Student: 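Quick one: structure below, then a few questions.
Each chain gets a letter, A, B and so on, in the order the sequences are listed, and its residues count up from 1. Keep in mind that this is a model prediction, so the values were computed, not measured.
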Amino acid sequence: MNLSQLQHSLREKVIETANASFGIELEQIAAEVPPKTELGDLAFPVAFELAKRIKQATGEKKNPREIAENLKSALESFDFIEKVEVAGAGYLNVFYNRASFLSGVPNAEPLPKLKLSRDENSVKVCVEHTSVNPNKAAHIGHIRNSIMGDTFMRILRANGQRVETQNYIDNTGVQVADVVIGFIYVEKLTLAEIVELDKKLLAENKTFDYYCWDLYAKVGQEYQRDEELKAKRAEVLHLVEEGGNETSELADYVVLRNVQSIIATMERLSIRYDLLPRESDILHLHFWKKAFEKMKEIGVIHLEKEGKNAGCWVMPVDSHTGSDEHEADKILVRSNGTVTYTGKDIAYQMWKLGLLGLDFYYELFHTYGDGKEVWATTSEKPEKAARNPAFGSGEKVYNVIDSRQSYPQEVVKKGVSLIAPERGEQASVHLSYEMVALSPAAAEELGFELTEEDRKRPFIEMSGRKGLGVKADDLITRLEANALEEVKKRHADLPEEEQIKTAHIIAVGALRYFLLKFTRNTIIVFDFKEALSFEGETGIFCQYSAVRANSIFRKLQETDLQTATKTVLDETEKVAGVFNSEIGNEIWSLLTLASRLEETVAQAATANEPAILAKYAFNLSKAFNLFYHNHRIVAEENAVKRAVLIIIADAARRALTSALNTMGIEVPERM
RNA sequence: GCUCCCGUAGCUCAGUUGGAUAGAGCGUUCGCCUCCUAAGCGAAAGGUCGCAGGUUCAAAUCCCGCCGGGAGCACCA
């Protein structure tokens, strides 16, 4: 029996007993972890609730402690239970039998459900993340999106679901058009010349996406003083959308190179994709037309006859009240007959959920070093028979998009649920998160001049248009360099290749943890000092803790773990003695924390909150560091104590390693 | 104007479906490497949980009203 099963049984028993003894039917009862180990392993504050319910039902006033005493005996009969105490005003505190619990630990897999992720029968869900406009390099804000999405994908997989990861490519948007305008009208380059430029940049060790970053900002400035240039946007945008012309060919190249860059950047952070859906294909394959027909058929949208929305197809959104400035209705088709972004998004969301009745064609986009493939959508049926896996049709779709998009996401969700009420609103999840902004100091460090007013602001929003932001590759490179310096200090004897590899793992751990430790609706005000810190609550702290744990087992004989397992199974009484000694509570608390991994991963999944897992990894690391500091396993002479310590250290390192892997953080050999 | 988010230690943040003495990291002060890695460990100082009401045996958490900060509400994408 594992911990969560035990908890479940205890809960059931409490509910059953409450019904039998007092005739009260409890739906769900709270179980919590007591604030201190001395207070037990699990607490039920259920007696308070019962006292209230009894009073309501019979008018009889009962003391919560008395009620708790009644429930106590019912729980004590369980196998793994050492004792049950009534504490405080009426808490029911449960103490597990430590020795018998420990004997079950060595056989437990750290994340048994992890294996199910390859099960073809498990539920399939889609997670869309990254979706950077392919007109420039990715910055730290995009990285938050990708790390959030990638980690959430890992959490879902650890919970046994099949997950398809999609990175949406908006290749026909204005941002791309802006950079295209920059190339054609500002830089006055042809496609052939751009290709040449690209090669030249490569030779100079510069990158195309960085060049576009600067060009995009430059175009933004040009727009401010050149109205004519700005007027070209609509024309260029139209050509790009239409396809099959010189401008769109140029755009295709710009998009391709930027997408390649973004994928390379993300791979540095261990982030990969299954599919790159392209907006142009949604247009060319007329996804919207199909969705539009369905919406008209069902009557969820209507043609506005009069008023300022006359001639538009609109969908009512009841969560928004209308005003003079803003209508309560959302326009999906403009009076000129073209579809809005939100309209397209509804059609696309339907495809993701397998509700549209249309599909893309696919082509191989890229193969990662280990053979894993990324596919992209296309509009044309490929000549050779496609050997791509089936894409889309998720039971549930998670869109990782920042909170500023909450309103359009709500409209999409609403629209889809109206078309397919059987799937409802819960099929579409907007995994929203707050933006990453810059502290005024960080903005100045990047060379931006701030006004007095700006300096007083709590944060400065990043802006691709202004070229203001911390580029992802720059930050990763800086973290790697700092880590390498430290690794060289500590492990001068290691071959350089190893040092670089270690530094890379450390840098990824630092960055991923940094962006995961904040809950989703906290605005991250980026500060270089904090982001580059290698001490305190960091990914490095967690990695270091795991590395130390592993170093214990490097020092031990290979047979020591087996011997310890046997000892723990055979010497139950002596093991109990160890737990009853003065170190008992401390080592036990580490063990129970380690055993809570599975529960924590599940919690992170249901709460849609990766930060829960990050906090867990940090707390587990902290607890292990304390344990490591207090006990010398290798030198321990008492065989039983040594065995207990070994089993606990092993449980802790397995749980920690799994937790970190679920966050996409590796544990290096040495650091 | 309307909707949503935030306000917890000097700073940055956690705080489970309401629960026991409100926690962590950084910073400050003071200790700890003859010992499995000091990227570590320990100790001290630091709080009117924005303000004011309400519900409850119990409120940082739920409700109402204020105050302060942010985002969104396009025939833009």
Student: Hey, does the side chain of A:Arg554 come within less than 4.0 Å of B:C36's phosphate (OP1/OP2), counting only N and O?
Tutor: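 No.
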
Student: Give A:Gln603 one of three labels, base, sugar-phosphate or nothing, depending on what nucleic acid heavy atoms sit under 4.0 Å from its own.
Tutor: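 The answer is base, as A:Gln603 lies within the cut-off (heavy atoms under 4.0 Å) of a base atom.
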
Student: A side-chain contact here means heavy atoms from C-beta on lying under 4.5 Å apart; do A:Asn93 and A:Phe95 qualify?
Tutor: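 Yes. Closest side-chain heavy atoms under 4.5 Å.
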
Student: Does B:A58 have OP1 or OP2 sitting under 4.0 Å from an N or O in the side chain of A:Lys52?
Tutor: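 The answer is no; no side-chain N or O of A:Lys52 sits under 4.0 Å from OP1 or OP2.
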
Student: side-chain contact (heavy atoms from CB on, under 4.5 Å) for A:Trp288 and A:Ile282? Distances and angles first, verdict last.
Tutor: CA-CA 8 Å; A:Trp288 165 246; A:Ile282 294 174; over 6 Å; no

Student: Quote, to the nearest angstrom, the C1' distance that separates B:G54 from B:G69.
Tutor: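 Going atom to atom, C1' in each nucleotide, I get 26 Å.
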
Student: Just N and O in the side chain of A:Tyr341: are any of them under 4.0 Å from OP1 or OP2 of B:A77?
Tutor: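 Negative; the distance criterion is not met.
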
Student: Considering only atom P, compute the distance from B:C57 to B:A14 and round it to an integer number of Å.
Tutor: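 About 32 Å, rounded to a whole number of Å.
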
Student: Does NZ or CZ of A:Arg653 come closer than 6.0 Å to the centre of the six-membered ring of A:Phe553, within 45° of the ring's axis?
Tutor: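 Pair A:Arg653/A:Phe553 counts as cation-pi.
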
Student: With C1' as the reference atom in both, quote the distance from B:C11 to B:G47 in angstrom, rounded to an integer.
Tutor: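 Here B:C11 and B:G47 have their C1' atoms 15 Å from each other.
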
Student: Of the nucleotides B:A20, B:A77, B:G70, which has the atom closest to the A:Phe459 side chain?
Tutor: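 Minimum distance to the A:Phe459 side chain belongs to B:G70.
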
Student: Does the distance from a Lys or Arg side-chain N to an Asp or Glu carboxylate O, for A:Arg642 and A:Asp560, drop under 4.0 Å?
Tutor: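 Salt bridge: yes.
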
Student: Ring-on-base stacking between A:Tyr91 and B:G19, under 5.5 Å between centres and under 30° between planes: is it there?
Tutor: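 Per 5.5 Å and 30° rule: no stacking.
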
Student: Please give the nucleotide sitting opposite B:U55 as a Watson-Crick or G-U wobble pair, both distances under 3.5 Å, or none.
Tutor: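 Result: none.
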
Student: Compare the minimum distances between each of B:G40, B:A24, B:C35 and the side chain of A:His629, then state the nucleotide with the smallest one.
Tutor: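 Ranking B:G40, B:A24, B:C35 by closest atom to the A:His629 side chain puts B:G40 first.
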
Student: Would you say A:Ser439 places a side-chain N or O within less than 4.0 Å of OP1 or OP2 belonging to B:U12?
Tutor: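 False: A:Ser439 side-chain N/O out of range (4.0 Å or more) of B:U12 OP1/OP2.
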
Student: Check whether any side-chain nitrogen or oxygen of A:Asn521 sits under 4.0 Å from OP1 or OP2 of B:C6, and answer yes or no.
Tutor: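 For A:Asn521, the contact criterion (side-chain N or O under 4.0 Å from OP1 or OP2 of B:C6) is met.
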
Student: Within a strict 4.5 Å, meaning less than it, do heavy atoms of the A:His504 and A:Val508 side chains meet?
Tutor: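 Of all side-chain heavy-atom pairs linking A:Val508 with A:His504, at least one is under 4.5 Å.
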
Student: Taking atom P in both B:C62 and B:C49, compute the distance separating them and give it to the nearest angstrom.
Tutor: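 Going atom to atom, P in each nucleotide, I get 16 Å.
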
Student: Judged by each residue's nearest nucleotide on RNA chain B, which is more toward the 5′ side, A:His631 or A:Glu535?
Tutor: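 Closer to the 5' end of RNA chain B: A:His631.
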
Student: Just name whichever nucleotide pairs with B:A9, Watson-Crick or G-U, keeping both distances under 3.5 Å, else none.
Tutor: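 Result: none.
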
Student: Rounded to whole angstrom, note down the P distance from B:U8 over to B:G70.
Tutor: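 Those two atoms are separated by 15 Å.
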
Student: Taking the C1' atom in each of B:C36 and B:U29, what is the distance between them to the nearest angstrom?
Tutor: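 After rounding to an integer number of Å, I get 31 Å for this pair.
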
Student: Please determine if a side-chain N or O atom of A:Ser403 lies less than 4.0 Å away from the OP1 or OP2 oxygen of B:C5.
Tutor: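 No, A:Ser403 has no side-chain N/O under 4.0 Å of OP1/OP2 on B:C5.
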
Student: Would you mind classifying the nucleic acid contact of A:Phe618 as base, sugar-phosphate or nothing, using non-hydrogen atoms under 4.0 angstrom?
Tutor: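 Since only primed, P, OP1 and OP2 atoms lie under 4.0 Å of A:Phe618, the category is sugar-phosphate.
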
Student: Is there a donor and acceptor pair, one atom on the side chain of A:Ser335 and one on the base of B:C75, closer than 3.5 Å?
Tutor: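 Yes, a donor-acceptor pair under 3.5 Å.
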
Student: Between the side-chain atoms of A:Asn93 and the base atoms of B:A20, is any donor-acceptor pair under 3.5 Å?
Tutor: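 Side chain to base: pair found, below 3.5 Å.
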
Student: Is there a donor-acceptor contact under 3.5 Å linking the side chains of A:Glu498 and A:His491?
Tutor: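 Distance-only check fails for A:Glu498 and A:His491.
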
Student: Can you tell me the Watson-Crick or wobble partner of B:U17, both distances under 3.5 angstrom?
Tutor: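 Across any shown strand, B:U17 pairs with none.
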
Student: Name the orientation of the base relative to the sugar in B:C30: syn if the glycosidic angle is within 90° of 0, else anti.
Tutor: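 Base orientation: anti.
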
Student: Any side-chain donor paired with an acceptor under 3.5 Å for A:Arg596 and A:Thr600?
Tutor: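 No, no side-chain donor-acceptor contact under 3.5 Å.
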
Student: With rounding to the closest Å, how many angstrom separate the C1' atoms on B:U37 and B:U48?
Tutor: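 Roughly 45 Å separates the two C1' atoms.
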
Student: A:Ala89 or A:Ala43: which one's nearest nucleotide on RNA chain B is closer to the 5' end?
Tutor: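 First, find each residue's nearest nucleotide; the 5'-ward one identifies A:Ala43.
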
Student: Under 4.0 Å, heavy atoms only, any strand: does A:Thr519 hit a base, just the sugar-phosphate, or nothing?
Tutor: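 Here A:Thr519 touches the backbone only, sparing every base.
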
Student: Starting at CD1 of A:Ile523 and ending at P of B:G7, how long is that distance when rounded to a whole Å?
Tutor: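 About 11 Å, once rounded to whole Å.
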
Student: Using the P atoms only, state how far B:A9 lies from B:G25, rounded to an integer number of Å.
Tutor: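 The answer is 16 Å between these two P atoms.
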
Student: Output the rounded distance in Å from NZ (A:Lys555) to C1' (B:U37).
Tutor: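 The distance from NZ of A:Lys555 to C1' of B:U37 comes to 8 Å, rounded to the nearest Å.
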
Student: Could you please name the option among B:C36, B:A20, B:C26 that lies closest to any side-chain atom of A:Leu39?
Tutor: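 Closest nucleotide among those given: B:A20.
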
Student: Between the base of B:U12 and the side chain of A:Glu530, is there a donor and acceptor pair under 3.5 angstrom?
Tutor: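 Per atom types, no contact qualifies.
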
Student: Going by an N to O cut-off under 4.0 Å, is there a salt bridge joining A:Lys615 and A:Glu537?
Tutor: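 Looking at A:Glu537 together with A:Lys615, the answer is yes, because their closest N to O distance falls below 4.0 Å.
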
Student: Taking only the side-chain heavy atoms of A:Arg670 (C-beta and beyond), determine which of B:A77, B:U37, B:C35 contains the nearest atom.
Tutor: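 Nearest to the side-chain atoms of A:Arg670, counting from C-beta on, is B:U37.
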
Student: Can you tell me if A:Arg334 touches the phosphate of B:C76, counting only side-chain N or O atoms and a distance under 4.0 Å to OP1 or OP2?
Tutor: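 Checking B:C76 against A:Arg334, a side-chain N or O does come within under 4.0 Å of OP1 or OP2.
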
Student: From the list B:A77, B:A38, B:A20, which nucleotide is the closest neighbour of the side chain of A:Pro35?
Tutor: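 The listed nucleotide nearest to A:Pro35's side chain is B:A20.
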
Student: What's the CD-C1' distance between A:Glu636 and B:C35, to the nearest Å?
Tutor: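 Atom CD in A:Glu636 sits about 13 Å away from atom C1' in B:C35.
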
Student: Taking only the side-chain heavy atoms of A:Phe541 (C-beta and beyond), determine which of B:G40, B:A20, B:A77 contains the nearest atom.
Tutor: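 Closest of the options to the side chain of A:Phe541: B:G40.
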
Student: Out of B:A77, B:C36, B:G25, which has the shortest distance to the side chain of A:Glu537?
Tutor: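 That would be B:G25.
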
Student: Does a nitrogen or oxygen in the side chain of A:Asn625 sit under 4.0 Å from OP1 or OP2 of B:C41?
Tutor: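 Yes.
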
